[in-house]
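Heads up: the structure comes next, in structure tokens.
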Amino acid sequence: MVNTTDFFSQLANARRSVRAYLSTPVSDALLQEVLMQARLAPSGANLQPGALIHVRGTVREALSENLVEAWRQGREEVEDYSYFPKPMPHTLRRRQVAAAQALYGALGVSRDDREGRDAQFERNFRFFDAPVALIVTMEHGFGSGGYMDLGMMLYGLMLAAQAKGLSTCAVGAMASFPNVIRKNLGLEASSHIVCGMALGYADPDAPVNQTTTARCSLDEYFKVMG
Ligand SMILES: Cc1cc2nc3c(=O)[nH]c(=O)nc-3n(C[C@H](O)[C@H](O)[C@H](O)COP(=O)(O)O)c2cc1C
């Protein structure tokens with residue numbers, strides 16, 4: 001029998017958000033295997049909220065062009081759901097800054113290099129040129145529980161991909177332009193845009209993929225009472 005504890009530990013420890021990919025294609029069969037495994041995630045009342053759209057070819061190109069254009073123009077849309085606490089508490093702000101420093105540090109982009117930071121940010125809207133680009137949606141009406149369920153599925157997807165030698169990066173930046181995405185993909189207003197997902201084979205030589213983030217200590221989020 002497979003020692004699942006160790007196997008999980010290997011996967012969870014090896015997974016990183018990957019922001020540069022080889023052009024090696026991912027076969028439809030392999031992608032489907034990953035998706036089928038992600039579907040095994042639990043959800044409240046087994047509602048299995050959310051859906052994934054694989055954007056390809058000219059649809060993907062047009063979507064990325066329009067997203068980049070919207071972002072360059074500084075267009076502001078009302079997002080379908082709120083993400084960060086406003087205002088951001090100091091502890092969380094410190095974690096956010098550390099993650100940004102890890103990313104830009106790996107790239108050698110300094111704090112005041114606006115152009116360098118913008119160039120990296122723009123790559124969000126191109127799914128970091130990953131061979132597979134997914135848009136994650138959820139039907140209007142779900143509360144926070146739906147997002148919790150969907151998050152489990154997405155982590156399942158990341159680890160299922162990792163187990164097959166693939167890498168991923170969630171792209172929350174996509175949620176800034178839900179109308180651009182809906183218009184490009186012909187989606188109803190009731191289809192909420194949650195995030196994007198890049199998937200493919202990591203480019204091991206890309207400096208951006210040397211980004212490493214830390215986690216808070218166990219006692220910061222785990223307490224024993226009684
Ligand atoms: C829901 C979600 C949205 C994210 N959105 C972005 C994004 O828009 N751009 C980006 O570069 N990274 C994004 N990330 C990656 C996080 O920055 C990353 O998970 C975090 O810094 C921890 O690093 P790790 O994934 O390498 O462990 C996102 C991650 C999650 C889970």
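Order of appearance sets the numbers: ligands from 1, and atoms from 1 within every ligand.
The shortest heavy-atom distance from Cys195 to ligand 1 is not under 4.0 Å. Using 4.0 Å as the threshold, Met197 has no heavy atom nearer than that to any atom of ligand 1. Residue Phe125 places no heavy atom under 4.0 Å from ligand 1. The shortest heavy-atom distance from Arg15 to ligand 1 is under 4.0 Å. Heavy atoms of Phe128 approach ligand 1 to within less than 4.0 angstrom.
Of the polar atoms of Ala99, none of the N or O atoms is found under 3.5 Å from an N or O of ligand 1, judged by distance alone. Checking only distances, Arg19 does come within under 3.5 Å of ligand 1, N or O to N or O. Considering backbone and side-chain N/O atoms, Leu103 never comes within less than 3.5 Å of an N/O atom of ligand 1.
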Donor-acceptor pairs under 3.5 Å, side chain of residues 25-47 to any protein atom, not counting sequence neighbours: which ones?
from: Ser27; atom 1: OG; to: Leu30; atom 2: N; distance (Å): 3.1
from: Glu33; atom 1: OE1; to: Lys164; atom 2: NZ; distance (Å): 3.0
from: Ser43; atom 1: OG; to: Leu47; atom 2: N; distance (Å): 3.2
from: Ser43; atom 1: OG; to: Gln48; atom 2: N; distance (Å): 2.9
from: Asn46; atom 1: OD1; to: Gln48; atom 2: NE2; distance (Å): 3.4

Return a table of donor-acceptor pairs under 3.5 angstrom between the side chains of residues 83-96 and protein atoms on other chains or two or more places apart.
from: Arg93; atom 1: NH1; to: Gln96; atom 2: OE1; distance (Å): 2.7
from: Arg95; atom 1: NH2; to: Glu220; atom 2: OE1; distance (Å): 3.4

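Both the backbone and the side chain of Val171 come within 4.0 Å of ligand 1, judged by heavy-atom distances. Looking at Tyr83 against ligand 1, only its side chain comes within 4.0 Å, counting heavy atoms. Under 4.0 angstrom from ligand 1, the non-hydrogen atoms of Arg215 all belong to its side chain.
The heavy atom nearest to atom 31 (C) of ligand 1, considering only Ala98, Gly151, Ala170, Ala100, is found in Ala170.
Side chain of Asn124 to main chain of Ala173: no donor-acceptor pair is present (N/O by atom type, distance under 3.5 Å, no hydrogens or angles).
Taking OG of Ser64 as the start and CZ of Phe127 as the end, the distance is 5.5 Å to the nearest 0.5 Å. To the nearest 0.5 Å, the span separating CD1 on Ile193 from CE on Met174 amounts to 10.5 Å. Atom-to-atom distance recorded for Arg60:CZ and Leu63:CG is 9.5 Å, nearest 0.5 angstrom.
Using a cut-off of 4.0 Å between Lys/Arg side-chain N and Asp/Glu carboxylate O, Glu122 and Arg72 are scored as salt-bridged. Ion pairing of Glu65 with Arg126 is present here, as a side-chain N (NZ or NE/NH1/NH2) and a carboxylate O approach within less than 4.0 Å. Between Arg19 and Asp203 there is no salt bridge, since no side-chain nitrogen of the basic residue lies less than 4.0 Å from a carboxylate oxygen of the acidic one. Ion pairing between a basic and an acidic side chain is recognised when a charged N comes within 4.0 Å of a carboxylate O; Arg114 and Asp118 show such pairing.
Within the listing of ligand 1, atoms 8 (O) sit less than 4.0 angstrom from a heavy atom of Ala173. Which parts of ligand 1 touch Cys169 is read off a 4.0 Å heavy-atom cut-off, strictly below it: atoms 12 (N). The contact set between ligand 1 and Ser17, taken as ligand atoms under 4.0 Å from a residue heavy atom, comprises 15 (C), 18 (C), 19 (O), 24 (P), 25 (O), 26 (O). Close contacts between ligand 1 and Gly172 involve ligand atoms 3 (C), 4 (C), 5 (N), 6 (C), 7 (C), 8 (O) [criterion: under 4.0 Å to a heavy atom].
The single protein non-hydrogen atom nearest to atom 7 (C) of ligand 1 is Asn124 OD1, 3.4 Å, given as residue, atom name and distance. Scanning all protein heavy atoms for the shortest distance to atom 22 (C) of ligand 1 gives Thr213 OG1, 3.5 Å.
A cation-pi arrangement is present between Arg117 and Tyr104 under the rule of less than 6.0 angstrom and at most 45 degrees off the ring axis.
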